[in-house]
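Taking it in order: structure first as structure tokens, then the write-up.
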Amino acid sequence: MHLLNADLHCHSDVSDGTLPPSAVAARAHALGVDIWALTDHDELAGLASAREAALDLGMAYLTGTEISVSFAGETVHIIGLGFDANNADLQRGLAYTRAGRLQRAHGMAAGLAAAGIDGAFEGALKYVRNPDLISRTHFARFLVEAGHCPDTHSVFRRFLKEGMPGYVTHEWASLRQAVSWITDAGGAAVIAHPARYRFSPTAEYALITEFIGHGGQGLEVMTGSHSHSEQVRYAETANEFGLYASRGSDFHSVEESRIDLGSLPDLPGSLRPVWELLAPRIQGLKSAHRQRLAA
Ligand code: AMP
Ligand code: MN
Ligand code: MN
Ligand code: MN
């Protein structure tokens, strides 16, 4: 049952990826993905064309998004999968989460100007396809282009992480809001890349137990952000808390992403894949695959 290649975390140019949704679908399909979800940050605007492209290619499809959440002084990402994309409360919640990104971007540009980097707002905007979604990644691309850093990872280290000149504190959605928007729309909520957060064991325990208390069901175990030992550690965490496990590359672009679509190791056999839980909500699933999920 784990033999299906699921990639349930990636981005298009509707948020901070570089390819349009249909091109992400085509790349996923070419790389052997069987079940795919596009999970743009705080946005559903790419889902109609993602769905159409996936179904045209004969690739099974789930709706997806990655919601920005503020929890215990840290930004946490919650993935939503298999929800009704027409749900009005979910759409309103995401619009509310996106609002404030423009003002934050002006603040980031002011911080960078104070550090001697002019024109960052206009520079970042050149990389933005969706004016509702200016992200730190767009600033990172401009700073690479302007020669301040060799790659986007070093831009984050030097300029865009907390404490650095281009960082602006921002209040995102609450954990309760994000999980309930997703679950009330019929989807499953998944904690994205858990190893990325700088939490103490106590704060991580609070995140997971509060997430479950709000109705969250999944933990991303296989992600482009996890080392092998982190994969092992969070596989244990998923089992310990009875969470379904997810797998997603977090692909953003050919140039920037270390892990390509569909290319992560399979989930360990001891875990229950979140796409089993979501089987009834998968569109375009081949009957042989549906039987494998039910087996
Ligand atoms: P934002 O939602 O605007 O705060 O941007 C967050 C995005 O920045 C993430 O989704 C990643 O795509 C990207 N990002 C965060 N940290 C790093 C990093 N160290 N290196 C490269 N990209 C990063
Ligand atoms: Mn991103
Ligand atoms: Mn993320
Ligand atoms: Mn992501």
Side-chain angles (χ1 to χ4, degrees), residues 7-19 21 24 36-43 46 64-71 74-81 94 97-109 111-112 120-121 124-125 127-144 148-164 166-173 178 189-198 207 218-220 222-227 246-253 255-261 264:
D7 195 325
L8 305 182
H9 185 167
C10 60
H11 299 272
S12 75
D13 63 4
V14 168
S15 65
D16 60 349
T18 59
L19 300 173
V24 183
W36 177 66
L38 179 70
T39 55
D40 276 313
H41 298 283
D42 309 319
E43 257 292 12
T65 188
E66 180 175 20
I67 306 182
S68 311
V69 161
S70 296
F71 182 85
E74 181 88 6
T75 299
V76 167
H77 286 169
I78 300 295
I79 303 264
L81 296 170
L94 293 180
T97 308
R98 286 193 301 272
R101 274 188 179 266
L102 184 63
Q103 200 187 347
R104 169 188 184 240
H106 283 296
M108 291 173 60
L112 290 168
F121 182 80
L125 213 54
Y127 293 92
V128 174
R129 294 284 158 275
N130 172 6
D132 273 0
L133 214 115
I134 308 187
S135 130
R136 283 188 290 165
T137 310
H138 301 117
F139 281 84
R141 291 184 184 135
F142 164 68
L143 266 71
V144 171
H148 296 286
C149 287
D151 55 60
T152 52
H153 293 288
S154 41
V155 178
F156 273 86
R157 247 193 331 271
R158 281 181 51 199
F159 294 105
L160 301 181
K161 284 199 157 173
E162 198 170 348
M164 297 302 153
Y167 186 82
V168 171
T169 309
H170 194 76
E171 191 65 23
W172 301 106
V190 175
I191 299 175
H193 41 62
R196 280 247 298 263
Y197 313 124
R198 296 157 308 159
L207 170 68
L219 187 70
E220 205 172 50
M222 287 298 171
T223 136
S225 313
H226 283 179
S227 66
S246 194
R247 174 181 190 264
S249 58
D250 207 359
F251 176 82
H252 283 71
S253 80
E255 299 76 24
E256 294 158 348
S257 294
R258 207 167 38 86
I259 303 291
D260 213 326
L261 289 151
L264 285 166

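Each ligand, and each atom within it, is numbered from 1 in the order the structure gives. The figures here come from the full heavy-atom set of this structure, side chains too, leaving out hydrogens, waters and symmetry mates.
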Handout entry: Short side-chain to backbone donor-acceptor contact, His252 and Cys10, under 3.5 Å
Key = no

Problem - Glu256 to ligand 1, any heavy atom closer than 4.0 Å - result: no

Practice task
Decide, counting backbone as well as side-chain atoms, whether His77 has an N, O or S atom less than 2.8 Å from the Mn ion (ligand 4).
Solution key: no

Practice task
May I ask you to check whether His193 brings an N, O or S atom to under 2.8 Å from the Mn ion (ligand 4)?
Solution key: no

Handout entry: Within-cut-off N or O pair, Thr152 and ligand 1, under 3.5 Å
Key = no

Handout entry: Thr137, any N or O under 3.5 Å of ligand 1 N or O
Key = yes

Problem - Identity and separation of the nearest protein heavy atom to atom 1 (P) of ligand 1 - result: Arg104 NH2, 3.5 Å

Handout entry: Any side-chain donor near an acceptor of the partner, His138 and Asp16, under 3.5 Å
Key = no

Problem - Flag for Asp13-Thr18: side-chain donor and acceptor within less than 3.5 Å - result: no

Exercise for the section: Output yes when a side-chain donor or acceptor of Ser257 lies under 3.5 Å from a complementary backbone atom of Ser253, and no otherwise. Expected result: yes

Problem - the Mn ion (ligand 4) - closest N/O/S atom in Glu66 - result: OE1

Handout entry: contact_flag His170 ligand 1 heavy-atom lt 4.0 Å
Key = no

